[in-house]
Amino acid sequence: DEEDDDEEEEEDADVSKIDEKLDIDTPLHTHVDYFGSTSTSAATTSNDDNSLSENLNNSEITLETLYTRCCHLREILPIPATLKQLKNKSTPLHVIKMLNPKPTLIDILSFADFLAIAPVITVILDNVMLDSEMLKIILISLQNSKMLDKLSLRNVPIDSEGWKFICKFLNSNKNIQKLDISQQKI
C-alpha cells in the first residue's frame with residue numbers, strides 16, 4: 001500500500017507541474033455586435049424581428065447597408081434593383097420584390113440572408129423561376145419572421161417537392177396571413 005501511495009503522490013506532483021504550465025486560451029477576436037444587442041454570442045441573440053427592428057432604428061445601419069453586407073458576405077455585388085427598393089426605407093420594410101426573373105443560387109442566398117434578418121411585411125416573388133432548392137432557401141429564411149404578413153408566389157413554377165416545403169413553412173410560421181399562389185399549373 002505504501003508503494004501505491006508513493007506512486008499517487010508522484011503522479012500528483014507531475015500533474016501539478018503540468019498545471020502550472022497550462023493556461024486557458026483567450027479568444028483572438030472579440031465579437032463585435034453591429035446591431036447593438038447586449039448579447040455576445042450568435043447563439044443567444046434573439047430571433048425576434050421586433051427587437052431587431054428597434055435595434056436597426058436606434059443604430060445607423062440602413063436597410064441598404066444591411067443588404068449590401070449580406071451580398072458581400074456571399075462575395076457578390078448587391079443587385080441594383082433590390083438596392084433601389086431599399087433606398088431611404090425604414091424598418092419594418094413594407095414590400096420587397098425579387099425583380100430578377102431568373103436568379104442564380106447565390107442571388108437567392110444573399111436575398112434570403114437579408115430576409116432572415118430584416119423585418120419585412122410583404123415578400124413578392126412573382127414570375128421568378130425558382131427550383132425547389134431555391135424555394136426552400138427562401139422559405140427557411142422567412143420561417144421565423146414575426147413581421148411577415150404576405151408571401152406572393154404568383155406564376156412561380158412549384159413542383160411536388162416545392163409544395164411540401166410550402167406546407168412545412170405554413171405549419172411553422174403562424175404569423176403569415178396571405179399566400180398568393182395564383183396562376184399555378186396543378
Side-chain angles (χ1 to χ4, degrees), residues 34-35 42 45 47-53 55-57 61-186:
Y34 294 103
F35 295 110
T45 56
N47 285 334
D48 186 14
D49 288 337
N50 293 330
S51 65
L52 178 61
S53 166
N55 289 338
L56 284 174
N57 286 335
I61 296 177
T62 64
L63 290 171
E64 290 173 270
T65 305
L66 191 62
Y67 174 69
T68 302
R69 287 181 182 174
C70 289
C71 291
H72 288 170
L73 287 171
R74 296 284 182 180
E75 298 182 352
I76 65 167
L77 292 173
I79 300 169
T82 305
L83 270 178
K84 189 175 181 181
Q85 294 178 66
L86 301 174
K87 189 169 187 166
N88 300 322
K89 301 288 184 186
S90 61
T91 57
L93 183 63
H94 292 282
V95 176
I96 189 160
K97 299 177 184 178
M98 170 62 80
L99 297 173
N100 183 355
K102 293 183 180 179
T104 63
L105 181 59
I106 197 73
D107 291 338
I108 293 295
L109 287 168
S110 59
F111 190 71
D113 290 345
F114 175 76
L115 292 176
I117 58 176
V120 180
I121 296 171
T122 301
V123 177
I124 299 175
L125 301 169
D126 296 351
N127 302 311
V128 177
M129 296 296 295
L130 299 174
D131 62 22
S132 58
E133 187 64 27
M134 291 175 174
L135 180 61
K136 177 183 175 185
I137 290 166
I138 294 287
L139 294 175
I140 288 172
S141 71
L142 294 169
Q143 184 173 356
N144 294 321
S145 175
K146 305 277 188 245
M147 300 294 291
L148 184 65
D149 182 57
K150 180 181 179 182
L151 175 61
S152 179
L153 298 169
R154 182 181 304 172
N155 200 25
V156 174
I158 302 173
D159 60 7
S160 61
E161 191 174 356
W163 286 112
K164 289 177 185 176
F165 294 141
I166 289 173
C167 291
K168 287 179 183 178
F169 167 74
L170 292 173
N171 192 34
S172 64
N173 186 321
K174 303 297 184 193
N175 296 312
I176 189 166
Q177 299 295 314
K178 302 169 195 143
L179 176 65
D180 185 351
I181 50 173
S182 59
Q183 300 178 9
Q184 292 293 322
K185 294 178 182 178
I186 297 177

> Is the shortest side-chain heavy-atom distance between L151 and L125 below 4.5 Å?
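Side-chain contact under 4.5 Å: yes.
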> If we only count heavy atoms from C-beta on, is the I79 to Y67 side-chain gap below 4.5 Å?
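In short, these two side chains touch, coming nearer than 4.5 Å.
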> Is the shortest side-chain heavy-atom distance between N100 and F111 below 4.5 Å?
no
> Any side-chain heavy atom of I137 sitting closer than 4.5 Å to one from L130?
no
> Could you go step by step and tell me if D149 and K178 meet the side chain to side chain contact (heavy atoms under 4.5 Å, CB included) rule?
CA-CA 6 Å; D149 182 57; K178 302 169 195 143; 3.3 Å; yes
> May I ask you to decide if L73's main-chain N or O and E75's side chain share a donor-acceptor pair within less than 3.5 Å?
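No.
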> Could you state the interatomic distance from CD (Q143) to CG (N171), rounded to the nearest 0.5 Å?
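Output value for this atom pair is 9.5 Å.
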> Measure the NZ-CG distance between K164 and D159 for me, rounded to the nearest 0.5 Å.
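That separation rounds to 9.5 Å.
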> Answer yes or no: is there a side-chain heavy-atom contact under 4.5 Å between M134 and V128?
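No, too far: nothing below the 4.5 Å cut-off.
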> With sequence neighbours excluded, what pairs up with D107 under the salt bridge (Lys or Arg N to Asp or Glu O under 4.0 Å) test?
none
> Of all heavy-atom pairs between S145 and N175, which one has the smallest distance, and what is that distance?
O-ND2, 3.3 Å
> Between Q183 (side chain only) and N127 (backbone N and O only), is there a donor and an acceptor less than 3.5 Å apart?
no
> If we only count heavy atoms from C-beta on, is the I96 to F114 side-chain gap below 4.5 Å?
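A side-chain contact exists here, since the closest heavy-atom pair is under 4.5 Å.
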> Let me confirm one number: the CG-CZ distance from L105 to R74, rounded to the nearest 0.5 Å.
8.5 Å
> Rounded to the nearest 0.5 Å, what's the gap from CZ on F165 to CD1 on I158? Could you check?
12.0 Å
> Begin with the C-alpha distance, continue with both residues' side-chain angles, and end with the deciding distance and a verdict on side chain to side chain contact (heavy atoms under 4.5 Å, CB included) for N173 and L148.
CA-CA 9 Å; N173 186 321; L148 184 65; 4.2 Å; yes
> Report yes or no: does S172 contribute a side-chain atom to a donor-acceptor pair with the main-chain N or O of K168 at less than 3.5 Å?
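Checking the backbone N and O of K168 against the side chain of S172, a donor-acceptor pair under 3.5 Å is found.
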> What's the shortest heavy-atom distance between L63 and T91, and which atoms?
CD2-CG2, 3.6 Å
> So do I181 and W163 actually touch side chain to side chain, heavy atoms under 4.5 Å?
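W163 reaches I181 side chain to side chain.
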> Rounded to the nearest 0.5 Å, what separation is found between the CG atom of D126 and the CG atom of N155?
8.0 Å
> Side-chain contact, heavy-atom cut-off 4.5 Å: S110 with H72?
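In short, these two side chains do not touch, never coming nearer than 4.5 Å.
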> Could you please spell out the steps behind the side chain to side chain contact (heavy atoms under 4.5 Å, CB included) verdict for I166 and L179?
CA-CA 10 Å; I166 289 173; L179 176 65; 4.0 Å; yes
> To the nearest 0.5 Å, what is the distance between CG on L170 and CG on L139?
8.0 Å
